[in-house]
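This report concerns only the one structure given below.
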Protein chains: 2
Amino acid sequence: MKIGELAKRSGQTQSRIRFYERIGLLKLVDRRSNGYRTYPPEALVVLNLIDTAQSAGFTLDEIRQMVPSDLDEWKHDGLLDALRAKVAEIAALEAKLKNSKAQIKRLIAEIEAKPDDMDCKDNARRIMANMLVETTR
Amino acid sequence: MKIGELAKRSGQTQSRIRFYERIGLLKLVDRRSNGYRTYPPEALVVLNLIDTAQSAGFTLDEIRQMVPSDLDEWKHDGLLDALRAKVAEIAALEAKLKNSKAQIKRLIAEIEAKPDDMDCKDNARRIMANMLVETTR
DNA sequence: CTTGACCCTAAACTTAGCTTAAAGGTTATG
DNA sequence: CATAACCTTTAAGCTAAGTTTAGGGTCAAG
């Protein structure tokens, strides 16, 4: 498919897709004789992977380490290894998210745990005092 | 405390602390007659809050909405809403990742249980087709 | 054979979130 | 009273992750 279609189907801009190619993140691309880029359907998979990893807080640099440059490599010897690696990568993503979520939930709990007889002002001060102890300990 | 101590105790650089002040994120600061900044202990809490929120994926702009200048007027409900929204967002991502991981694991099992009557190339094609369906669905 | 919807490149621009540099004032210590 | 270790400001610089712009080619339809 051409870049316009890939953009539409992936929900990403053409400039972004070209940018990913420029920085060596998306290598699944060929050229027609007229210079037009042409993508295999797998490019959609890779773009999706990048997107997911990014929204989980990985930088493009980190993602470049994780995403195999050439899906063709998957077609030969190390396919199982690649898949297992992918599972490990996903586990890493999950760990990162879990961490983030835990932090946020801790904050929420801290804020919600106000006794009813305490107004917002006092509550804020209590949380502050509490966190001060935590963070300076 | 002066900025050097705050920097040491918060683990952040002085330039960063000054930067936060410049963009209106850290207003808990006074000046001595000599021009030196002086901070109350609560500043440490605020810096910690900023740090936590940031590592949870909030931008400084979002954080400024949540943590207003005056701690006594903490926008309690806005903060809670923002935090809950973030948790939901993370949960969605986690679900997506969990799904992907399960699919890949299934594929691994499939490949491992594969009799040798199918050559590597065909097997690979089948797998890619499988992932393509997963990710575009 | 022209018009509009595509595609191309290179380079400049943007935003967020800082850091570094330059040039100087303040203060504690021997 | 020198000197090191603090503090100040303003302005420029940097990295990441793209977007925008300028100036063109390509292609299908009428």
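Residue numbers begin at 1 in each chain, while the letters A, B, ... track the order of the sequences.
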*Within this structure, what is the CD-to-P distance between E5(A) and dA5(C), rounded to whole angstrom?*
18 Å
*OH of Y39(A) versus C1' of dC7(C): gap in Å, rounded?*
11 Å
*Indicate for each nucleotide in nucleotides 11-19 of chain D, in 5' to 3' sequence, whether protein heavy atoms under 4.0 Å reach the base (B), only the sugar-phosphate (S), or nothing (-).*
------BBB
*Whole angstrom is fine here: how far is it from CD1 in I23(B) over to P in dA16(C)?*
10 Å
*Roughly how many Å is it from CG in L6(A) to P in dC7(C), rounded to a whole number?*
10 Å
*Can you tell me how far CD of Q54(B) sits from CG of L60(B), rounded to the nearest 0.5 angstrom?*
4.5 Å
*asked:* With a 4.0 Å cutoff (strictly under), does any side-chain N or O of N34(B) reach OP1 or OP2 of dC7(D)?
replied: no
_Nucleotide nearest Y36(A) (side chain, heavy atoms from C-beta), chosen from dG25(D), dT27(C), dT9(C)_ = dG25(D)
*asked:* What is the distance, to the nearest angstrom, from the CD atom on E62(B) to the P atom on dT15(C)?
replied: 17 Å
_Please confirm whether the shortest side-chain N or O distance from R18(A) to OP1 or OP2 of dT20(D) is below 4.0 Å._
no
*asked:* Under 4.5 Å between side-chain heavy atoms, counting indirect links through other Ile/Leu/Val/Met/Phe/Trp/Tyr residues: same cluster for Y36(A) and V29(A) or not?
replied: no
*Atom NZ in K8(A), atom CD in Q14(A): separation rounded to 0.5 Å?*
9.0 Å
*Rounded to the nearest Å, what distance is computed from the CZ atom of residue R32(A) to the P atom of nucleotide dC6(C)?*
14 Å
_Just to be sure I understand the rule, does R31(B) reach a base, reach only the sugar-phosphate, or reach nothing, if contact means heavy atoms closer than 4.0 Å?_
sugar-phosphate
*Nearest 0.5 Å, what's the CZ-CG distance between F19(B) and L26(B)?*
12.0 Å
*Answer yes when R31(A) and E21(A) have at least one side-chain N-carboxylate O distance shorter than 4.0 Å, and no when they do not.*
yes
*How close or far is atom C1' of dT19(C) from atom CD of Q12(B), stated in whole angstroms?*
14 Å
*asked:* Using only atom types and a distance under 3.5 Å, with no angle test, would you say the side chain of R32(A) pairs donor to acceptor with the backbone of K2(A)?
replied: no
*Report which part of the nucleic acid I3(A) touches: base, sugar-phosphate, or nothing (heavy-atom distance under 4.0 Å, all strands).*
sugar-phosphate
_Can you tell me if R37(B) touches the phosphate of dC7(D), counting only side-chain N or O atoms and a distance under 4.0 Å to OP1 or OP2?_
no
*Counting distance only, does the side-chain N/O of E62(A) pair as donor-acceptor with the main-chain N or O of T59(A) below 3.5 Å?*
yes
